[in-house]
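All chains are named by letter (A, B, ...) in the order of the sequence lines, taking the proteins before the strands, and each is independently numbered beginning at 1.
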Amino acid sequence: MPEDESREELSTVYDPSEVEARWYAFWEGRGYFHADPESDKPRFSQVIPPPNVTGVLHMGHALNNGLQDVIARRRLMQGYEVLWMPGTDHAGIATQNVVERQLEAEGTDRHELGREKFVERVWQWKEEKGGAIISQLKRLGCICDWERTRFTMDEGCSLAVRTVFKELYDAGLIYRGKYIINWCTRCHTALSDIEVEHEDKAGHLWHIRYPYADGSGFIVVATTRPETMLGDTAVAVNPSDSRFTDVAGRTVILPLVERRIPVINDRFVDPGFGTGAVKVTPAHDPNDFEIGRRHSLEQVNILNPEGTINENGGAYAGMDRYEARDAVVADLEARGLLEKIEDHQHAVGHCYRCGTEVEPYLSTQWFVKMEPLARPAIEAVRDGRTTFTPERWTRIYYEWMENIRDWCISRQLWWGHQIPVWYCDDCGEQVVEIEAPKACPCGSANLRQDPDVLDTWFSSGLWPFSTMGWPERTRTLAEFYPTSVLTTAHDIIFFWVARMMMLGLRAMGDVPFREVFVTALVRDYEGKKMSKSSGNVIDPIDVIEVYGTDALRFTLASIAVPGRDINLSEERIAGNRNFVNKIWNAARLVTMNLEGFEPGADVPGDSLELADRWIMSRLSDVIERADAGMEVFNFSMAGKALYRFFWGDFCDWYLELAKPRLYRGGPEERRAAQWVSWRVLECALRLLHPYMPFVTEELWQRLPGAGESIMLASWPSAGDFARDPGAAMEMELIQEVTVGMRSARSEHGIPPGAKIDAVLVCAPGAREVLERQSSYVESLSGLAGIAFSDKPPGEGYGMRVVVEGAEAYLSYESGVDAAGEIDRLARRLAKVEVELERCVAKLASAGFVSKAPPEVVEKEREKERELREKRGKLNAQIAALEGPGGA
RNA sequence: GGGCGUUUAGCUCAGCGGGAGAGCGCUGCCUUCACACGGCAGAGGUCACUGGUUCAAAUCCAGUAACGCCCACCA
């Protein structure tokens, strides 16, 4: 940064907007984000979960990518060669929908445009508008290796897709067939099973009479979708059902359609449900499809792709499916064939992209055989090659993998990877190739490529290696695959994580990632899902503009407890904006007092005071805690430790104790305080950097002796600072006495500015410490001076108070209220009494003394002694105040 | 139907076998030379309920309830 800039006086309020863009450009310009496969550092790699090109940054992204950035920045500082692979996903349906809506607004549609023009149009859209999210990720501070940015439909990823397809096809793991699939009548495409979201809905169970052909009454079936009866080709009963012993083999007349259909036996039928007799619609229900196959039933498709009844629906042809339902029910009722209608709760499937009710639909599609791919993917987790955090996702992964069903991968869309299969119009051969073949093996050039495209998740499933150059064996692949960590929200474990495992193991022969870190979902402050319709969306970019990126990142990271969803509120972000500001101002204090300071030379150990030794000891603790938290993805634990240390220990205590020396200390004292405050601040900034990249860089650069960038600085180690248990104990005493003094002052209304004297009476051990550090207590408690004595002072002193560890006598008369002090002491006494009672009871229990570990018992005894002493002092004080001489 | 998670201060949440914690909010005092996006002090809780294990349970086990989520082809 330019010289004059760093000399500039710091404002009392941190302004993130000015700082963030400047540093991001600096880092990116220096190439810090770029991973070098030739370096000799240890490797760390991760791939971004590619956001949809249509996407805009939401809180889920901010959390997910913010945490990945925390991980990446820490690894970078730890000396790893870090590769964070970025890119976007072509998001088949979502993107096609966006452009289709555009066309609609222009009064046209894709069919009018034609496939080639339409796809061109989508590409054009992608170039212009797609990937806005990339620049948003930069505002978040993400250190992705942008030079490597990929797109699931770029040339390399497309080649990987075709290569994997052919390999699986040649191995017999991809097949084509006519099955019941989930059909979205709005998107006009098949969906895989996991792309269907089930929702319980209040519906009805219609009981319908199907008359026997011989006129001898009827059999009653129950259904939740009466319109599908138009496609019925049988009625099934369970052979063990005594109510229906003789009906199999008979014929019924399908009402409205007047088709003769058989009654059959099938063990699938549950005698306990409905009427025990099931209408069988092989073309519109997966179970019925299976029954139909077992009994060679005809499959009558009654629906058009857009969800209207087709010509097989007779009089109902042309009606919308729901319209047809009403009409069918009305007609049945008119004919006296509707026996009854029951209320019935049942799950209805909806398209995960557009929310339309999905139809089970018979059509010819491509599938991947999953079981052979799932087995190694289960093995890899079982033998620990990949682990999940939190651990409980392991079981959920197993359960899904073990019950996996074949994956429908063909989509009737235009935007996506067109299936690399060509059909010969002459010999009917099906040719699968990586590059478009010129001719069929039969010599014919009349080849037509399959019009369908692949499920978007097919290409996302290859992401960890397709982005590194596969199928070419690149250096990047050799150096950075498998990746170290995959960070993702739990809603795409099945869509994405599971598929990457299966396909990675298949194509690369090794797992795609060593660890999976499953993040929480971000919800609003009431725990509701954020959604546009609820109006409870907090836009990360808005937050960044108001509070700054660092405040947002710190907030998200410090409430990210593994395994629990996050309820985000703006107040919380504001609170952490204040923390960022606190850091800013602490740094101001330190830097404003560094004149004449040379960072080079060490400070002699004997010029360090108690506070100096204490804060460095605390820093050593917090380094350990914060680092341990980050190591196990407990970013909340680490964040809290950092917050407490910086605000609580460093600002509230250490800097207050350093001020007298910084402002008016002798040269040596001043230098020691400068040195320690500088070192501790510098180290704390490095520790905080992964969470708050911008403010830490800005402040770090202003410190003497700073290097090129905090990003290149080393990660702190607990061993950099000495542990000092003695200093910790002494400081604890100082803090207790200080809090006691301040409490007494505050509750008696002694003005904060009133400099008063105090006499302390305390045990020899405490006295030694307090006497040695009396200046600490004086400055922290706003006292003019402290004297020490073995006995209470004479009549000149107005107030006697008890503080933890000592009795204090304050020389302040006016306004002192004996009743108030008695009340204050009585409240403390009550607390002590309760604690003591529990303590005594515990020690009186024979079981405790004999069975609890000795150190626990000893600790309890020590506690009892302390409590008794405290109680004694409090009682004596109260008595003194109540007595004739007291008040 | 199966599974999982949550239930701790007014709110949002940590803690997950040995002294009930944080942030925000609230009350009082303080515009003191880093910060009012601040300082100091304080109020506030039978840790959902019932039973069990243990010398000891917010913490482990079992069950109950409420809320939330995921999976599932009983029409």
Would you measure the distance from the [atom1] atom in [N] across to the matching atom in [M] and give it in whole Å?
{"N": "A43(B)", "M": "G28(B)", "atom1": "C1'", "result": "10 Å"}
{"N": "C69(B)", "M": "A62(B)", "atom1": "P", "result": "25 Å"}
{"N": "C33(B)", "M": "G39(B)", "atom1": "C1'", "result": "14 Å"}
{"N": "U46(B)", "M": "G10(B)", "atom1": "P", "result": "8 Å"}
{"N": "G51(B)", "M": "C70(B)", "atom1": "C1'", "result": "30 Å"}
{"N": "U7(B)", "M": "C47(B)", "atom1": "C1'", "result": "10 Å"}
{"N": "C4(B)", "M": "C55(B)", "atom1": "P", "result": "30 Å"}
{"N": "A9(B)", "M": "G3(B)", "atom1": "P", "result": "30 Å"}

From C-beta outward on [X], which listed nucleotide comes closest to its side chain: [options]?
{"X": "Arg572(A)", "options": "U12(B), C37(B), C40(B)", "value": "U12(B)"}
{"X": "Thr223(A)", "options": "A75(B), C35(B), G3(B)", "value": "A75(B)"}
{"X": "Val278(A)", "options": "A41(B), A43(B), A75(B)", "value": "A75(B)"}
{"X": "Glu399(A)", "options": "G19(B), G39(B), G3(B)", "value": "G3(B)"}
{"X": "Phe273(A)", "options": "A75(B), C35(B), C40(B)", "value": "A75(B)"}
{"X": "Arg588(A)", "options": "G19(B), A41(B), C35(B)", "value": "C35(B)"}
{"X": "Phe268(A)", "options": "C29(B), A43(B), A75(B)", "value": "A75(B)"}
{"X": "Thr12(A)", "options": "C35(B), A75(B), G18(B)", "value": "C35(B)"}
{"X": "Pro752(A)", "options": "A41(B), C74(B), C30(B)", "value": "C30(B)"}
{"X": "Lys863(A)", "options": "A43(B), C74(B), G19(B)", "value": "G19(B)"}

Rounded distance (Å) that lies between atom [atom2] of [N] and atom [atom1] of [X]:
{"X": "Glu855(A)", "N": "G19(B)", "atom1": "CD", "atom2": "P", "result": "13 Å"}
{"X": "Leu589(A)", "N": "C33(B)", "atom1": "CG", "atom2": "P", "result": "13 Å"}
{"X": "Arg644(A)", "N": "G23(B)", "atom1": "CZ", "atom2": "P", "result": "8 Å"}
{"X": "His198(A)", "N": "C69(B)", "atom1": "NE2", "atom2": "P", "result": "16 Å"}

- Note on the structure: Ranking Phe494(A) and Glu656(A) by the position along RNA chain B of their nearest nucleotide, the one closer to 5' is Glu656(A)

- Tell me which of Glu835(A) and Pro271(A) sits closer to the 5' end of RNA chain B, going by the nucleotide each one is nearest to. Glu835(A)

- Query: Cut-off 3.5 Å, side chains only: do His346(A) and Asp200(A) have a donor facing an acceptor?
  - Reply: no

- Message: Testing the 3.5 Å rule here: is there a donor-acceptor pair between the side chains of Tyr179(A) and Asp406(A)?
- Response: no

What nucleic acid atoms does [X] come within less than 4.0 Å of, heavy atoms only: base, sugar-phosphate, or nothing?
{"X": "Arg838(A)", "answer": "sugar-phosphate"}
{"X": "Arg405(A)", "answer": "base"}
{"X": "Lys582(A)", "answer": "base"}
{"X": "Cys651(A)", "answer": "base"}
{"X": "Pro360(A)", "answer": "nothing"}
{"X": "Asp652(A)", "answer": "sugar-phosphate"}
{"X": "Val269(A)", "answer": "base"}

Just say parallel, tilted or perpendicular for the rings of [X] and [Y], cut-offs at 30° and 60°.
{"X": "Tyr14(A)", "Y": "Trp584(A)", "result": "tilted"}
{"X": "Phe494(A)", "Y": "Trp400(A)", "result": "parallel"}
{"X": "His344(A)", "Y": "Phe273(A)", "result": "perpendicular"}

- Note on the structure: Taken to the nearest 0.5 Å, the spacing of Ile544(A) CD1 from Asp550(A) CG works out to 9.5 Å

- Message: Within this structure, what is the CG-CE distance for the pair Leu332(A) and Met229(A), rounded to the nearest 0.5 Å?
- Response: 5.0 Å

Once you apply the 3.5 Å cut-off to both distances, tell me the Watson-Crick or G-U wobble partner of [N], or none.
{"N": "U31(B)", "answer": "none"}
{"N": "G42(B)", "answer": "C26(B)"}
{"N": "G5(B)", "answer": "C67(B)"}
{"N": "G17(B)", "answer": "none"}
{"N": "C74(B)", "answer": "none"}
{"N": "U50(B)", "answer": "A62(B)"}
{"N": "A56(B)", "answer": "none"}

- Item | Distance test, side-chain N/O of Asn585(A) to OP1/OP2 of C37(B), below 4.0 Å | no

- Message: At less than 4.0 Å, is any side-chain N or O atom of Trp647(A) found next to OP1 or OP2 of G39(B)? Yes or no.
- Response: yes

- Side-chain-base donor-acceptor pair under 3.5 Å for Arg577(A) and C37(B): yes

- Query: Is a side-chain N or O of Asn581(A) found less than 3.5 angstrom from the main chain of Arg577(A), in a donor-acceptor match?
  - Reply: no

- Query: Can we say Arg865(A) and Glu862(A) salt-bridge, meaning some charged N sits less than 4.0 Å from an Asp/Glu carboxylate O?
  - Reply: yes

